[in-house]
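As structure tokens, the structure follows; a few thoughts come after it.
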Amino acid sequence: MNGRNAIPFLDLVTTHRELRLELTEVFHRALDAASFIGGPMVEQFEHAFAEFCGTKHCVGVGSGTDALRFALMAASIDHGDIVITAPNTFIATTEAITQAGGGIAFVDINAQTYTLDPEKLLEFIEKNCEFDAQTGKLTERATRRRVAAIVPVHLYGQMADMDSIMDLAAKYNLVVIEDACQAHGAEYFSKKANAWKKAGSIGKAAAFSFYPGKNLGACGEGGAITTDDESLALRMKMIRDHGQAQKYYHDIEGYNGRLDSMQAGWLSVKLRHLGYWNESRRRLAHRYHELFADAGDAVVVPVEAPWMRGVYHLYVIRVPDRDGLRLALADAGIGTGIHYPIPLHLQKAYEHLGYRQGAFPVTERVAGEILSIPMFPQLSHGQQDLVVTKVREFLDERVAMTP
Ligand SMILES: *Cc1c(COP(=O)(O)O)cnc(C)c1O
């Protein structure tokens, strides 16, 4: 089992080998119909994905970033409105906020779920904002700007505590757009609804990415927005297609942000397997939990809140000497990743926001300790055992080295 990349971080090749016939059939169908953008394959996929998420509508778009941007634009984020999100996400979340005309405000995460902490959200609202009960308007004190929306990010396939976030949103008139780009099929038990709800079916709208490595990945770029709101769905359809509902009648300026027909066809093929793949990821995650159990405090494994069924887009552990462990695993041919090494508020791109080191202690602490280890539906038990053995060996050596 030695050699370079004996165990890849992610294996997309096996999936495509397994589905080769179905996938090439889509290609031939698109060639024969010469239908490459929009059309029946896109509509079929949108219908199936809305059903999968438990929403009334799905709008296929060019990427997850498009999905976030168009959802925020359609939800009428006015120029300069503040949108709250977490600092430990991929930059696409905040790029979309800025590009939709919004201003970014960060709120720290919960140390267990790594998602937006509702208590810190409340603290931000109470300490940094003013609420005018008459107009129903929340204003950020420092900038005098209206606070308009929250973008909770369901990171690693774990969901944010949506009941608490939705309660605050209702109380302060904020729109909630879920960033579900890593959470296709994750479920949240809503006490309010007394039911399990899929990621993407709770906020006003939700963004999904079909970047190849996501739980549901295209063979190229792709994304989708889900919503129950028909007028919002219509607006998003116009925004993705140059602001037109009818060819060459442009009501607004929009974007070229459509989903390709072939991508939609390939996504429809893969969607039929997503439930099984997610189950497989969950089983592997629980097996990792067990295998790491007797490492004690040396390895912090993901915590699945009782109100959540995660889909383990990533399996993220925490160890003190993360960089050392990463090198040791690389030496053993085991691929890993860091999601994400530098919190957004400390990125050069956001220098102008004026956040300093120490602003979000939980995010900053975990950024130095997190390591994503191999996780994909076809990961074998043997491969998993080897990963755990190598992690344990590294930790044991460190213990032996400390006097
Ligand atoms: C992947 C991802 C995005 C962006 O999706 P693209 O399809 O790459 O544009 C946004 N947010 C999160 C949390 C993601 O993981």
Side-chain angles (χ1 to χ4, degrees), residues 9-10 12 45 49 58-73 83-100 102 104 106-107 109 113-116 149-160 162 165 176-186 199-200 203 205-226 236 239-240 255-260 263-264 266-267 270 278 281 310-316 337-345 347 349-350 363 366-367 370 372 375-376:
F9 172 61
L10 170 68
L12 292 175
F45 172 70
F49 195 66
C58 166
V59 179
V61 293
S63 66
T65 313
D66 273 356
L68 282 162
R69 193 196 297 129
F70 299 168
L72 286 164
M73 290 172 69
V83 179
I84 301 168
T85 193
N88 64 326
T89 176
F90 183 55
I91 194 169
T93 314
T94 45
E95 283 174 335
I97 293 172
T98 309
Q99 290 163 7
I104 303 157
F106 291 119
V107 165
I109 54 165
T113 64
Y114 308 129
T115 59
L116 190 74
I150 310 168
V151 180
V153 183
H154 304 318
L155 206 69
Y156 309 154
Q158 305 253 26
M159 287 184 70
M162 291 304 288
I165 291 170
V176 175
I177 307 291
E178 296 168 69
D179 181 338
C181 287
Q182 298 190 5
H184 322 66
F208 288 88
S209 164
F210 305 126
Y211 184 80
K214 303 289 161 99
N215 286 31
L216 178 62
C219 303
E221 304 273 5
I225 313 152
T226 52
M236 294 185 297
I239 294 172
R240 78 173 169 185
Y255 283 81
N256 174 352
R258 297 162 302 218
L259 179 64
D260 283 357
Q263 298 303 343
W266 287 322
L267 287 164
K270 290 187 176 185
N278 281 343
R281 285 174 184 270
V311 289
Y312 293 93
H313 170 58
L314 299 168
Y315 190 88
V316 178
I338 302 172
H339 303 89
Y340 297 92
I342 303 170
L344 291 183
H345 67 286
Q347 295 280 0
Y350 293 124
T363 293
V366 304
I370 45 177
S372 310
M375 169 54 79
F376 48 89

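Because the structure is a prediction, the values reported are computed rather than measured. Atoms within each ligand, like the ligands themselves, are counted from 1 in listed order.
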Interfacing atoms of ligand 1 (cut-off 4.0 Å, heavy-atom, T93): 11 (N)
Just checking L12: does its CG atom have more than 12 heavy atoms from other residues, nucleotides or ligands closer to it than 6.0 angstrom? yes
Does at least one non-hydrogen atom of K214 fall below 4.0 angstrom from an atom of ligand 1? yes
Quick note on ligand 1: atoms under 4.0 Å from a heavy atom of V153 include exactly 13 (C)
How about F90 and Y211: are their ring centres within less than 6.0 Å of each other? no
Give a yes or no answer on whether the side chain of Y156 reaches the backbone of G310 with a donor-acceptor pair at less than 3.5 Å. no
Could you pull out the closest heavy-atom pair between H339 and I370, with the gap in Å? O-CD1, 3.3 Å
In ligand 1, the atoms that come under 4.0 Å of a heavy atom of D179 are 10 (C), 11 (N), 12 (C), 13 (C)
Atom indices of ligand 1 within 4.0 angstrom of T89 heavy atoms, with elements: 13 (C)
Could you identify the single nearest non-hydrogen protein atom to atom 15 (O) of ligand 1 and state the distance to 0.1 Å? Q182 NE2, 2.8 Å
Provide the number and element of each atom of ligand 1 under 4.0 Å from a heavy atom of T65. 4 (C), 5 (O), 6 (P), 9 (O)
A student checking ligand 1 against G64 at a 4.0 Å heavy-atom cut-off should list atoms 5 (O), 6 (P), 7 (O), 9 (O)
Student check: side-chain heavy atoms of F9 and L314 closer than 4.5 Å: yes
Which bit of S63 gets closer than 4.0 Å to ligand 1, counting heavy atoms only: side chain, backbone, both or neither? both
Which of the ligand 1 atoms, numbered from 1, are nearer than 4.0 Å to a heavy atom of A92: 3 (C), 4 (C), 10 (C)
Indicate yes or no for a side-chain donor-acceptor contact from H184 to the backbone of S209 under 3.5 Å, with no hydrogens or angles considered. yes
Between side-chain atoms of residues 63-71 and protein atoms elsewhere (two or more places apart, or another chain), which donor-acceptor pairs fall under 3.5 Å?
residue: S63; atom: OG; partner: T65; partner atom: N; Å: 3.3
residue: S63; atom: OG; partner: D66; partner atom: N; Å: 3.0
residue: D66; atom: OD1; partner: R69; partner atom: NH1; Å: 2.8
residue: D66; atom: OD2; partner: G62; partner atom: N; Å: 3.4
residue: R69; atom: NE; partner: Q99; partner atom: OE1; Å: 2.9
residue: R69; atom: NH2; partner: Q99; partner atom: OE1; Å: 3.0

